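Every value quoted in this text rests on a predicted model; they were computed, and no experiment measured them. Note that the numbering runs from 1 along the sequence shown for the chain. Whatever order the structure lists them in is the order used to number ligands and atoms, beginning at 1.
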Amino acid sequence: MSVGEWWREGVIYQAYPRSFQDSNGDGVGDLQGVIDRLDYLQWLGVDAVWLNPITVSPDADVGYDVADYCAVQPVFGDLATVDALVAEAAKRDIKVVLDIVPNHSSDRHPWFVDARSARASAHRDWYVWADPKPDGSPPNNWLSAFGGPAWTLDAHTGQYYLHNFLPEQPDLNWWNPAVRDAFDDIYRFWFDRGVAGFRIDVAHGIVKDKELRDNPLPTKDDPPWVHTHGQRSVYNVERPEVHEVLRRWRAVANAYDPQRILLGETYVRDVRSMGLFYGQGDELHLAFNFSYIHAPFEADVLARVVAESETIIPADGWPVWTASNHDVSRVMSRWAGGDERKLRCALLSLLTLRGTPVLYYGDEIGMPDTPLRESDLQDPLGKRFWPAPRGRDPERTPMHWSREPGGGFTKDGARPWLPVGDAAARNVEDQRRDPSSTLNFVHDLIATRRRQPDLRTGAYTQLQAAAGVWAWQRGRDTTIALNLTDKPVSVPAMKGTVIISTTRARDGERVDGGLALNPWEGAICSSAST
Ligand code: GLC
Ligand code: CA
């Protein structure tokens, strides 16, 4: 995309590398597999591909525990494969976005191995250490996001170390200037190789309260997950000092031409604080919106979340929307309950709101969560809490490319790292041949975005509509409506010609005096096209 900034106007595709395409039959997706599927991504029309961590990891948290930030996990390939991926993607006008994990490293990272070797070690202060309380208990009440205390006692040196996630993921000490310098170099290492940007893991949480104060209890205004967690994490995440670090990273990214982008995982308690992560145009380019993904699929709630997000994102900031990711049940299972009509309504909103859509691999064919057995589990969360919560493996299973054994993901007879599931039900090959498929719907929606400047950059204005209907205008000429009810409705605010509808039966229809929508049907109209 030559006009405008690609990260505002384009579509980002999230490919979970272990599950996208296995090129060598070992059952694990890899970078060569991503290269092999670039033609598909180009056909789909996406502008960038974001890969979950591909760096060296003992896989205590499937790649999110990094033991070397500047080397590739051998099962995925090596640096030469990354270079080939960046080059091959560029030939197809696709950017490569990687995932960086600055909140914590692996406990096997040489920094931590050194840190825990002695109190006087060179890297001791690269992590967060504190003495036990007089009774031997942890230094404060902080809880790990994965359950249990956020502290583990290191018997050898007699102090606790902090881990907001697993004990195998010790938190780095972001008050230490040496840590800050080390990460600047890590960013530059990858930016120098032509990587277009980073998705930043736990971008809201890397700096911890210097005084390690106890977290308070949840209040009635907190979302349900805060109550489930049992405390308001105000001292171990979302510290105001995090913004200083984000500004520093933005300066590193801005020094490149083209500018590299920062897409942050901002898992904040309140959508209002999400806006802060854009800074004055000097922090994140894009801050993930978890209020949207966690909302129920109901017109009034979604419209409210979007309206609120539109208000809190600064004028030069830019929204980002996502309906599934590697941590959340897939949109086909979560919002759509397996109903194709609902899925298409969800995809229509994802791709037509003002902002950058991040499309999770498999959502374009409506892959559901894959039912798994306990013995299949890889995610430490699932292993710990099975059956509820069931962990994140069901949304991380291999891509369904075709109906052949292995789903086209791996070779027939190979044992995939997670079960492939029912690839015959929905797969790329079958859906690509069928003009009425969800895959072609997504393809055509992306192409429509490309053609219609309103959809890429036009302002969002909510339109009047009946209960259960969510309707909005983009820019001057484009209107969108979703009927999220079981009854037919008419949407008077829709005008012009239907340019694409969820059933495709309506495409090209003239709209006079409002658009009639069937239950769970949605459409885009344009008063500019004829
Ligand atoms: C983020 C990742 C998640 C991971 C966690 C710890 O939330 O998305 O998958 O487990 O950080 O790194
Ligand atoms: Ca492989």
*State, without any angle test, whether Q431 and N427 hold a side-chain donor-acceptor pair at a distance under 3.5 Å.*
no
_Flag for N103-N164: side-chain donor and acceptor within less than 3.5 Å_ = no
*How about F76: does one of its N, O or S atoms come closer than 3.0 Å to the Ca ion (ligand 2)?*
no
_Closer than 3.0 Å to the Ca ion (ligand 2): does that hold for any N, O or S atom in T410?_
no
_Test of understanding: with side chain to side chain contact (heavy atoms under 4.5 Å, CB included), list the residues that count as partners of A178, not counting sequence neighbours._
W126, N176
Do [X] and [Y] sit within salt-bridge range, that is, some charged N less than 4.0 Å from a carboxylate O?
{"X": "R232", "Y": "E238", "value": "no"}
{"X": "D47", "Y": "R92", "value": "no"}
{"X": "D209", "Y": "R213", "value": "yes"}

*For the rings on Y64 and F165, is their centre-to-centre separation under 6.0 Å?*
no
*Output the atom name for the N/O/S atom of D22 with the smallest distance to the Ca ion (ligand 2).*
OD1
*Taking only heavy atoms of the protein into account, state which residues are under 4.0 angstrom from an atom of ligand 1, in chain and number order.*
D61, Y64, H104, F146, F165, Q169, R199, D201, V202, E265, H326, D327, R392, R396
*asked:* Does R199 qualify as a cation-pi partner of Y16, given the criterion of NZ or CZ under 6.0 Å from the six-membered ring centre and within 45 degrees of its axis?
replied: no
_the Ca ion (ligand 2): angle it makes with OD1 (D26) and OD2 (D30), nearest 10 degrees_ = 170°
